[in-house]
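Below is one structure, written out as structure tokens, with a few remarks after it.
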Amino acid sequence: MQTAVYPGSFDPCTNGHIDVIRRASKMFDKVVVAVLVNEKKNPLFSFEERVNMLKTATQDIPNIEICSFSGLLADFMKENGYGVIVKGLRAVSDYEYEFQMALTNRALYDKVETVFMPCSAEFMFLSSSIVKEIAKYNGELSGLVPETLIPLIKGRFGY
Ligand code: PNS
């Protein structure tokens with residue numbers, strides 16, 4: 001059984017994330033969505049909220065599991081016996097950082113491979129930061145994040 005791990009902050013998850021999860025779920029027997037807990041990024045949403053948002057948005061995908069990790073991703077992979085990391089790439093500019101991360105993770109745990117998945121064209125520009133910026137000014141989030149999450153995201157900015 002081949003399991004892939006899709007790690008991220010998901011603060012909040014976007015339709016770009018869900019697209020990668022959905023496509024990866026067709027390529028692997030199981031996709032473990034690993035939400036980073038102890039990040040320095042001062043997330044807008046708590047870890048529990050980020051997990052719940054992902055659960056709500058992926059209810060129809062049978063072969064996924066949402067879980068958390070803290071510390072190094074390579075340690076999480078090793079401790080759980082996982083061998084494949086999936087990362088979405090939006091543009092060439094993502095590549096440099098992701099390439100560095102892929103090599104770092106393999107240097108830390110030599111049994112781990114990273115698989116890059118190009119994002120779908122309509123999500124090239126999309127990121128959690130862009131979503132937060134739009135939400136901050138009460139802009140239109142339809143099509144950018146799962147519809148059911150819009151009230152929670154807008155609510156965080158008082159709308
Ligand atoms: O959604 P993000 O914020 O782009 O996700 C980044 C993430 C969580 C995948 C990355 O920051 C990560 O793997 N963090 C865990 C710490 C780690 O292992 N860093 C890389 C080696 S120094």
Side-chain angles (χ1 to χ4, degrees), residues 2-25 27-28 30-58 61 64-136 141 143-146 149-150 152-153 156-157:
Q2 186 62 272
T3 298
V5 174
Y6 182 50
S9 306
F10 306 107
D11 185 42
C13 61
T14 69
N15 281 345
H17 293 128
I18 305 302
D19 176 59
V20 172
I21 294 170
R22 198 174 293 285
R23 287 161 56 213
S25 76
M27 295 170 60
F28 296 93
K30 185 174 159 191
V31 175
V32 173
V33 182
V35 182
L36 181 64
V37 180
N38 65 337
E39 55 188 312
K40 297 176 198 148
K41 290 179 181 173
N42 193 18
L44 180 63
F45 296 97
S46 70
F47 154 67
E48 288 83 4
E49 286 173 320
R50 287 179 280 138
V51 167
N52 285 335
M53 283 192 275
L54 278 161
K55 282 187 177 161
T56 303
T58 57
I61 309 174
I64 71 161
E65 182 186 316
I66 320 277
C67 71
S68 66
F69 79 104
S70 54
L72 290 172
L73 178 60
D75 289 342
F76 172 77
M77 300 295 291
K78 195 176 193 169
E79 282 157 17
N80 291 283
Y82 297 138
V84 179
I85 297 168
V86 170
K87 288 292 192 81
L89 287 184
R90 285 164 300 195
V92 179
S93 52
D94 280 346
Y95 183 76
E96 199 171 340
Y97 175 71
E98 291 298 345
F99 189 63
Q100 185 185 23
M101 284 301 107
L103 294 188
T104 303
N105 285 324
R106 199 153 41 145
L108 294 171
Y109 176 41
D110 63 4
K111 291 189 177 61
V112 81
E113 291 290 351
T114 299
V115 173
F116 292 129
M117 185 177 282
C119 76
S120 295
E122 69 256 48
F123 303 129
M124 286 274 293
F125 67 98
L126 190 53
S127 68
S128 298
S129 303
I130 287 283
V131 165
K132 285 181 273 195
E133 183 72 4
I134 294 170
K136 188 173 161 187
L141 288 180
L144 305 184
V145 296
L149 304 184
I150 292 176
L152 178 65
I153 298 169
R156 191 52 44 102
F157 291 94

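Every number for a ligand or one of its atoms is a count from 1 in the order of the listing. Keep in mind it's a predicted model, so treat the numbers as computed, not measured.
Side-chain atoms of Arg50 never come within 3.5 Å of backbone atoms of Val35 as a donor-acceptor pair (strictly under, hydrogens ignored). Under the 3.5 Å distance criterion, the side-chain polar atoms of Arg23 are left unmatched by any main-chain donor or acceptor of Cys119. Although no hydrogens or angles enter the test, the distance criterion places a donor-acceptor pair under 3.5 Å between the side chain of Lys132 and the main chain of Asp11. Of the possible polar contacts, none joining the Ser120 side chain to the Glu122 backbone as a donor-acceptor pair under 3.5 Å is found. Checking side-chain atoms of Asn15 against main-chain N and O of Gly143 turns up a donor-acceptor pair under 3.5 Å.
Distances between N or O atoms of Asn105 and those of ligand 1 include no value under 3.5 Å.
Proximity to Met101 (heavy-atom distance under 4.0 Å) selects the following atoms of ligand 1: 20 (C).
By the 4.0 Å heavy-atom criterion, Gly71 is counted among the residues contacting ligand 1. For Phe69, the closest heavy-atom approach to ligand 1 falls below 4.0 Å.
Heavy atoms from both the backbone and the side chain of Leu72 come within less than 4.0 Å of ligand 1. With a 4.0 Å heavy-atom cut-off, ligand 1 is reached by the backbone of Leu73 and by its side chain too.
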